[in-house]
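Everything below concerns the one structure shown next.
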Amino acid sequence: MENVMLRHLLRYQEIVSVLLRNGFGFLVFEYLALESKWTAAKPDLIQLGQSIRQILGELGPVFIKIGQFAGTRPDIVPEPIIKELEKLQDKAPLVRFEDIRLVIEKELGAPIKKLFSEFDPAPLAAASIGQVHYAILHSGEPVVVKVQRLNITNVVQTDLEIIKDILTLIGRRFPKVQDYQLPNILREFSGWLEKELDYRIEGTNAEKIAGGIKKNPRVIIPHIYWDFTTRRVLTMAYIDGVKLNDRQKTATLNDRKKIAVNLSKALFLQILRGGCFHGDPHPGNIFVLSGGKIAFVDFGIVGNLNREMKSRFLNIICALTRRNPKHLAKALLELGAGPQNIAQERLQGDLDRTVKKHLNVPVSQISFPELVNDLWQLAFRHRIAIPADFILLGKSLLTLEGLIYELDPSLSVAELVKQFRCLYLKERLFAFWEKKKWDLP
């Protein structure tokens, strides 16, 4: 108990030091109920977002992850702050190779030379939770090995305990904040982070996505080597291609339109066929291979849609493509749950304005980023809680449209999605018929 209290005290000192250094001293005074000259003037949200991004980056892995998580919740975080949080880079100092070797040998139960014929000590990438290295198995297959940092579990546990204490203080000091159900959001975040700390879950996620799109030869999901994978070590096939965030190389790629179409098909097949989709398809997680094939990596964040959730998403697509404002408003209301005292007339008015804004243009000109941003801002204003997987879906679509625009500005995500609406309906009809056929006497 004394060790826990000491650990918390030292970490509190670090947090307070970072807050003071970045001009957030008023928060310390408020939490301690001390006198403060700070007044509740309306803040400059852009400047506030920049300060928050700086603070989270300085405070380390858990707080960086909080920023990334908050960036997926535009229903509770204002848009200007979201835009700053999206710039938060999950980078960290390199881990010594001896520490990497220690984790691998402890987890896999053998010397590293017996496990791999080659293992590059220089990392391919280093993030807050783990570090990635290139290696070759004794069978000759090139792989990437993702290894967790030493003691990261204790760091995460300490910070989560402290964040829980801070949220309790905030709730007591600012009762209105309770409308946002911060303890529930913390539980959601803790579960999200716990999954990221278990690389076996990431491996399972990769296989689930691969299973949902196995009929598409243009999409590659790296094979997981389970004999070399544990909770803290993940080994998967090495992908030899061009990362989409390498703009110098992507600028020289041939048939960028074909790549953009394959990319959109890959994500929509994940969403509408398998229901398990990549929740973080930023350019650093996507490779282009020969023939315009697309490969995804890093499956720590995925979304899962059950049949009902897929139907709700499909309802929005149908309403958009059929230019039906009434149906779109109904589909949007079905997405989330608002507080009991929600102002129905004001909500309906906001919905009508949002719907008309986006349906008064041709389908090819519908902007998914603007539509999704408007919906999340509407949810924020009316305190409507959107399911986390739908939020993740919206963020994935925003990222997708940005990627497609860079590859080929003439393509429209709204137009591309129409064919997947038909595909989903055909698959549902086929599944229904198969069930009925076998149920016949």
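Please read these numbers as outputs of a predicted model, since none were measured by experiment.
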- Please indicate whether Y225 has more than 12 foreign heavy atoms, meaning atoms of other residues, nucleotides or ligands, lying under 6.0 Å from its OH. yes
Side-chain donor-acceptor distances from residues 108-117 under 3.5 Å, at least two apart:
from, atom 1, to, atom 2, distance (Å)
S117, OG, I136, O, 3.1
S117, OG, L137, O, 3.3

- Closest approach of F277 and D389, non-hydrogen atoms and distance? CZ-O, 3.8 Å
- Item | Straight-line distance of I286 CD1 to I259 CD1, nearest 0.5 Å | 11.5 Å
- Message: Check whether N262 reaches the backbone of G292 with its side chain - one donor and one acceptor, N or O, closer than 3.5 Å.
- Response: yes
- Message: Counting C-beta onward and ignoring hydrogens, is there a side-chain heavy-atom pair between L234 and M236 closer than 4.5 Å?
- Response: yes
- Item | Flag side-chain contact, heavy atom, 4.5 Å: K146 against Y199 | yes
- Item | Qualifying residues under side-chain contact (heavy atoms from CB on, under 4.5 Å), relative to S17, sequence neighbours excluded | R21
- Query: What pair of heavy atoms forms the shortest contact from A295 to I239, and how long is it?
  - Reply: CB-CG2, 3.9 Å
- Task: Heavy atoms only: give me the nearest I224-G203 pair and the separation to one decimal.
- Result: CG1-O, 3.8 Å
- Message: Taking the side chain as everything from C-beta on, heavy atoms only, tell me whether I15 gets closer than 4.5 Å to I162.
- Response: yes
- Item | Worked check of side chain to side chain contact (heavy atoms under 4.5 Å, CB included) between F63 and I55 | CA-CA 8 Å; F63 288 86; I55 288 169; over 6 Å; no
- Query: For the residue pair T399 and H282, what are the closest heavy atoms and their distance?
  - Reply: CG2-CA, 3.8 Å
- Query: Under 3.5 Å, is there a donor-acceptor pair linking the side chains of E161 and Q157?
  - Reply: yes
- If you round to the nearest 0.5 Å, how far is CG of N285 from CG of D298? 4.5 Å
- Message: I'd like to know if the side chain of N151 and the backbone of N154 have a donor-acceptor N/O pair within less than 3.5 Å.
- Response: no
- Message: Return the CG to CD distance between L197 and E202, rounded to the nearest 0.5 Å.
- Response: 11.0 Å
- Task: Indicate the atoms forming the closest heavy-atom contact of H278 with V297, along with that distance.
- Result: NE2-O, 2.9 Å
- Task: Would you give the length of the straight line joining atom CG of L150 to atom CD1 of I100, rounded to the nearest 0.5 angstrom?
- Result: 7.5 Å
- Over all heavy atoms of both residues, which pair between S128 and I152 is shortest? Give the atoms and the distance, please. O-CD1, 3.7 Å
- Item | Within 6.0 angstrom of L102 CG, more than 12 heavy atoms from elsewhere | yes
- Task: Indicate yes or no: at least one non-hydrogen side-chain atom of F296 is less than 4.5 angstrom from one of I221.
- Result: yes
- Would you say the side chain of L244 lies within less than 4.5 Å of the side chain of L263, judging by non-hydrogen atoms? yes
- Task: Measure the spacing between OG1 of T153 and CD of E194 and express it to the nearest 0.5 Å.
- Result: 10.0 Å
- Would you find a donor on one side and an acceptor on the other, under 3.5 Å apart, between the side chain of T235 and the backbone of F228? yes
- What orientation do Y238 and Y134 show, parallel under 30°, tilted 30 to 60°, or perpendicular over 60°? perpendicular
- Side-chain heavy atoms of I129 within contact of R149, under 4.5 Å: no
- Assess whether side chain to side chain contact (heavy atoms under 4.5 Å, CB included) is satisfied between T250 and V288, documenting all intermediate values. CA-CA 8 Å; T250 54; V288 177; 5.6 Å; no
- Message: As an exercise, state the distance from CG of L160 to CG of L193, rounded to the nearest 0.5 Å.
- Response: 6.0 Å
- Backbone of V155 reached by a side-chain donor or acceptor of T158 within 3.5 Å: no
- Can you tell me if CD on Q248 sees more than 12 non-hydrogen neighbours from other groups inside 6.0 Å? no
- E196 vs I301 side-chain heavy atoms within contact, under 4.5 Å: yes
- Apply side chain to side chain contact (heavy atoms under 4.5 Å, CB included) to the pair I209 and V302, showing each step before the final yes or no. CA-CA 9 Å; I209 290 178; V302 300; 4.0 Å; yes
- Task: Would you check if P222 and F299 make a side-chain contact, meaning some heavy-atom pair closer than 4.5 Å?
- Result: yes
- Message: T204: which residues meet the side-chain contact (heavy atoms from CB on, under 4.5 Å) condition with it, sequence neighbours left out?
- Response: K208, W226
- Task: Before giving the answer on salt bridge (charged side-chain N to carboxylate O under 4.0 Å, His left out), spell out for K243 and D246 the whole-Å C-alpha distance, their side-chain angles and the decisive distance to 0.1 Å.
- Result: CA-CA 5 Å; K243 272 191 180 183; D246 189 338; over 6 Å; no
- Task: Using a strict cut-off of less than 4.0 Å between a Lys/Arg side-chain nitrogen and an Asp/Glu carboxylate oxygen, indicate whether R256 and D408 qualify as a salt bridge.
- Result: no
- Message: With a 3.5 Å distance limit and no angle check, can you tell me whether H133 reaches the backbone of D120 through a side-chain donor-acceptor pair?
- Response: yes
- Report the C-alpha distance between L94 and Q131 in whole Å, list the side-chain angles of each, state the deciding distance to 0.1 Å, and finish with yes or no for side chain to side chain contact (heavy atoms under 4.5 Å, CB included). CA-CA 8 Å; L94 301 183; Q131 190 162 284; 4.1 Å; yes
